[in-house]
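Just below is one structure, and these are the notes that go with it.
All of these numbers come straight from a predicted model, not from anything done at the bench.
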Amino acid sequence: MTIKDEALTKAQQYIKDINSRLSAEATWRKKAQSVVEIYECKNIEEIPYNILYANTEVISPAIYSRLPVPVVRRRYDDEDPIGKQASEVAERMLEFIINNPDPEYSSIDSILGSCVQSGLVPGRGISRIKYDVEIYKEEVGGKEEERVGKDLVCCEEVPWDRFVCGYGKTWQEVPWIAIQHFLTKKDVEDLLEDVDGKVVTLPEDLKFIAGMDAIKSEKASIGVSDIDLPEVADIWEVWDKRTNTVVFVSEGCKAILKEAEDPLKVQGFFPMPEPLHFFKRVSSMIPQVLYSVYEQQAIELNAVSVRIRKIIAALKVRGFVDTAIPKMAELFTMADNTLLALEGSNHLEGRGLDGAIWLMPVEKLVTVLQQLYVQRTQIKAIIQELSGIADIQRGNTAASETLGAQQLKAQWGSIRLKNYQKEVNRYAVELYRLMTEVGIQSFSIDTISKMTGIQLPTNTMKEQATVLVQQVQQQLQAQPELQQNEELMGKIQQAQTLQAAITWDDVMAMLQDDFTRNFRVSIETNSTLELEYSDDKEQIAEFMNAMAQFLNGVAPAVEQGILPFSAAKAMLLTIARRYRFGEEVEKELEKMTEPKPKDDPTQAVAEQKQRQDAELHQAAMQKSQQDTQLQQQEIALQQQEMQAKARKIQMDEQLDTAEFNNKMADIARQARISEAKMTAQLSKVGGSSATV
């Protein structure tokens with residue numbers, strides 16, 4: 001628990017908390033540094049048998065040998081088009097990030113390998129996620145505007161001794177983390193540079209010292225002199241989850257050098273997953289060196305090895321010779337198959353050559369040496385048992401063992417390493433999830449589209465398509481002949497397809513929402529799923545065999561009525577529930593209905609005769625209907641003939657009437673003419689009479 005001192009500034013309080021946690025980890029840090037030196041063979045004389053290096057090189061490839069492939073899928077494999085599209089986008093984006101060929105950045109494979117090595121040797125492997133972006137200025141309309149250039153989510157290794165975190169029983173309870181940086185003056189100026197590009201004056205109490213501490217581990221190997229070391233400032237980058245801020249502080253500075261709001265906006269706030277630990281304490285999160293498990297045995301092993309080396313050095317042919325026999329000493333330096341002339345042979349009478357040479361006895365040293373070799377082998381076996389690399393890891397199997405025995409040994413001999421493999425998979429999955437989250441929150445739609453090669457419309461394009469469809473439909477209502485225009489109809493079909501398509505806005509809205517993304521999308525690796533897939537395959541094969549046997553044995557009993565269908569269905573559901581297929585299979589099995597009983601032959605004949613009678617009756621009815629239709633047609637024809645005759649009579653009458661009227665009109669006209677003539681004649685008669 002952090003106790004705040006009101007007299008301290010905010011920056012000084014951070015430094016105090018950091019120093020407090022460094023003190024709590026002091027024992028582990030000292031131990032880890034000594035173990036790193038053992039691993040790097042810095043004291044070969046005292047440690048001639050480097051069992052730490054040997055074990056690490058055996059365990060490391062056994063728990064991590066290749067880069068895990070990301071697998072992003074719908075969590076429940078149900079009908080979810082947006083979830084399916086979002087999974088594809090996230091998976092492709094993640095594949096690009098982890099396989100980025102840019103040489104400026106370390107590969108994810110090398111970083112994970114380094115984290116595994118740090119977890120096995122000093123006890124803690126750490127890496128962090130960063131969003132790297134380049135901003136450039138472009139002149140638009142006579143004004144300079146800032147543009148986003150290359151942007152990328154990358155991973156960076158954090159040295160095990162330059163990381164510290166606040167107190168917490170679990171990673172979720174950790175209030176803050178701090179990463180140590182040794183920065184030159186130019187680096188500090190770039191760090192403190194204003195948003196507008198203005199250089200900020202460095203604080204006067206910021207100390208720059210020789211970088212001895214910064215490269216103390218590398219100095220011994222590369223031979224850098226003190227004169228070549230640049231002056232650096234010891235600066236801590238603190239991620240405070242309590243305030244969701246990132247601050248930069250340095251011991252001796254009263255003020256915070258720089259403070260920023262949450263830059264990544266990821267779940268859990270921290271830019272890294274929980275550090276990689278292969279030895280987890282029960283009492284606290286302070287790491288433990290894995291070497292401590294067999295350290296005493298390793299010390300004993302090296303003591304035995306040193307003693308063996310000394311005894312071997314003492315095993316020399318040494319002794320005395322009789323000087324009365326010349327050239328006796330030369331006999332030991334002569335080449336093979338060489339004979340010398342013997343002089344003074346009278347001195348060998350009665351005692352032989354053995355009596356003239358007295359060698360230093362080494363039989364006891366050889367006996368001790370043999371026992372030391374046996375002891376070293378036993379110590380190595382104990383260490384291998386403690387470290388979990390016995391049997392299969394060392395190939396200690398006998399050719400006489402059966403295949404089943406070797407398979408059991410392969411299964412149970414490596415089961416002790418599965419916890420290590422599980423820890424590496426956990427770290428890789430959390431790292432991939434962080435990369436996905438940072439990429440979704442930081443990249444633009446255009447950048448994600450280029451990374452993934454996926455082309456999706458936007459909501460703006462969808463709205464434009466809707467407007468286009470409405471306009472075309474109005475035109476078709478006003479001008480129906482436009483429906484024959486193939487080009488116009490093709491455009492409206494494309495617009496309608498665009499209306500129903502999933503858009504980038506739909507995908508990004510789902511991925512950027514933490515709750516929705518976690519609910520509908522699962523981010524895993526092939527390493528975490530291989531065992532699950534293998535288990536599923538075995539269960540499917542076993543279930544199909546069980547289903548075939550069950551149906552072959554039960555189906556006849558159900559058909560004959562010996563076993564009720566409900567009982568057989570209950571038995572089948574019981575079998576299905578023993579396997580991990582989810583509720584979908586169980587729901588479909590529950591929909592099973594009782595089959596219809598088999599048909600009786602006599603009943604089938606009767607039904608067939610009934611169907612024939614019905615067909616005959618139907619044929620008779622059809623014939624009757626046809627006769628009725630013919631009669632109706634004849635009656636209709638007669639009615640049509642009668643109507644035609646009536647119309648003819650009517651027309652004849654109309655013609656007679658017209659002829660009669662014409663005749664009457666002629667008679668009337670002739671009568672009027674006759675009257676006129678008569679009048680003229682009468683007028684002439686009256687004039688003659690007056691003249692007389």
Side-chain angles (χ1 to χ4, degrees), residues 14 17-18 21-22 25 28-29 32 64 67-68 70 94 97-98 100 105-120 122-133 152-181 235-249 260-278 280 284-287 422-442 514 518 523-525:
Y14 278 122
D17 294 341
I18 291 172
R21 294 305 300 163
L22 289 175
E25 295 181 353
W28 164 73
R29 288 176 178 270
Y64 179 78
L67 181 66
L94 190 53
I97 293 174
I98 65 177
N100 179 31
Y105 304 96
S106 301
S107 66
I108 305 300
D109 187 23
S110 63
I111 290 175
L112 283 176
S114 298
C115 289
V116 170
Q117 187 181 41
S118 297
L120 291 173
R124 180 163 65 188
I126 321 162
S127 60
R128 62 176 297 180
I129 303 299
K130 295 180 69 176
Y131 173 61
D132 195 3
V133 58
L152 186 69
V153 175
C154 58
C155 189
E156 181 181 77
E157 182 184 1
V158 178
W160 64 270
D161 56 347
R162 297 186 188 178
F163 171 85
V164 67
C165 61
Y167 174 77
K169 292 283 289 186
T170 63
W171 178 252
Q172 290 71 26
E173 297 176 0
V174 172
W176 55 265
I177 63 171
I179 303 171
Q180 188 179 26
H181 301 282
I235 296 178
W236 287 91
E237 176 186 356
V238 183
W239 289 67
D240 193 343
K241 189 165 62 174
R242 299 165 297 187
T243 59
N244 282 353
T245 56
V246 180
V247 300
F248 291 84
V249 295
E261 295 295 330
D262 184 4
L264 298 181
K265 297 179 176 59
V266 296
Q267 287 183 294
F269 178 70
F270 296 141
M272 61 179 65
E274 180 181 352
L276 193 62
H277 296 144
F278 295 115
K280 293 189 177 181
S284 69
M285 285 192 63
I286 297 177
K422 183 179 179 182
E423 177 68 6
V424 175
N425 291 333
R426 188 272 309 169
Y427 189 82
V429 169
E430 291 185 8
L431 198 66
Y432 286 177
R433 289 174 181 170
L434 277 176
M435 289 180 179
T436 304
E437 200 170 348
V438 173
I440 291 299
Q441 299 291 348
S442 304
D514 294 337
N518 294 335
I523 301 176
E524 303 291 341
T525 67

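- Legend: residues meeting ring pair (Phe, Tyr, Trp, His ring centres under 6.0 Å) with Phe269, ordered by chain and number and at least two apart, are Trp239.
- The main-chain N or O of Glu173 is never found under 3.5 Å from a side-chain atom of Lys241 such that the two would form a donor-acceptor pair.
- Summarising the geometry of Pro122 relative to Trp28, their closest heavy-atom pair is O-NE1, 2.9 Å, with the distance given to 0.1 Å.
- Lys265 meets the side chain to side chain contact (heavy atoms under 4.5 Å, CB included) test with Asp262; sequence neighbours excluded.
- A donor-acceptor pair under 3.5 Å links the side-chain atoms of Arg21 to the main chain of Cys165, judged by distance alone.
- Counting only heavy atoms from C-beta outward, the side chains of Leu112 and Pro68 approach each other to under 4.5 Å.
- Residues Tyr14 and Trp176 place their aromatic rings such that the two centres sit no closer than 6.0 Å.
- Ring-plane geometry between Phe248 and His181 is classed as tilted, the angle between the planes lying from 30 to 60 degrees on a 0 to 90 degree scale.
- Residues passing the side chain to side chain contact (heavy atoms under 4.5 Å, CB included) test with Cys115 are Ile111, Ser127, Leu276, Tyr427, sequence neighbours excluded.
- For the pair Gly168 and Met285, the tightest heavy-atom approach, listed with the atom from each and the gap, is O-CG, 3.3 Å.
- Of the N and O atoms on the side chains of Tyr64 and Asp109, at least one donor lies less than 3.5 Å from an acceptor on the other residue.
- Residues Asp132 and Lys130 are not paired through a salt bridge, judged by the lack of any N-O separation under 4.0 Å between the basic side chain and the carboxylate.
- Without hydrogens or angle criteria, Arg128 side chain to Ile179 main chain gives no donor-acceptor distance under 3.5 Å.
- The line from CG of Leu431 to CD of Glu274 is 13.5 Å long, rounded to the nearest 0.5 Å.
- With sequence neighbours left out, Lys422 forms a side chain to side chain contact (heavy atoms under 4.5 Å, CB included) with no residue at all.
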Please lay out, stage by stage, how Ile126 and Glu157 fare under the test side-chain contact (heavy atoms from CB on, under 4.5 Å). CA-CA 6 Å; Ile126 321 162; Glu157 182 184 1; over 6 Å; no
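- For the ring pair (Phe, Tyr, Trp, His ring centres under 6.0 Å) test, no residue two or more places apart in sequence or in another chain qualifies with Trp236.
- Between Arg426 and Pro275 the shortest heavy-atom distance is NH2-O, 3.4 Å.
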What verdict does the side-chain contact (heavy atoms from CB on, under 4.5 Å) test give for Val266 and Ile129, after you've listed the backbone C-alpha separation in whole Å, the side-chain angles of each residue and the deciding distance to 0.1 Å? CA-CA 11 Å; Val266 296; Ile129 303 299; over 6 Å; no
When you look at Leu67 and Ile108, which way does the side-chain contact (heavy atoms from CB on, under 4.5 Å) test go after all the steps? CA-CA 8 Å; Leu67 181 66; Ile108 305 300; 4.0 Å; yes
In a table with atom names and distances, give each donor-acceptor pair under 3.5 Å that connects a side chain of residues 433-440 to protein atoms at least two apart or in another chain.
unit_1, atom_1, unit_2, atom_2, d
Arg433, NE, Ile523, O, 3.2
Arg433, NH2, Ile523, O, 3.2
Arg433, NH2, Glu524, OE2, 3.2
Thr436, OG1, Tyr432, O, 2.9
Glu437, OE2, Gln267, N, 2.6

Given Gln441 and Leu264, is the side-chain contact (heavy atoms from CB on, under 4.5 Å) satisfied, shown in steps? CA-CA 8 Å; Gln441 299 291 348; Leu264 298 181; over 6 Å; no
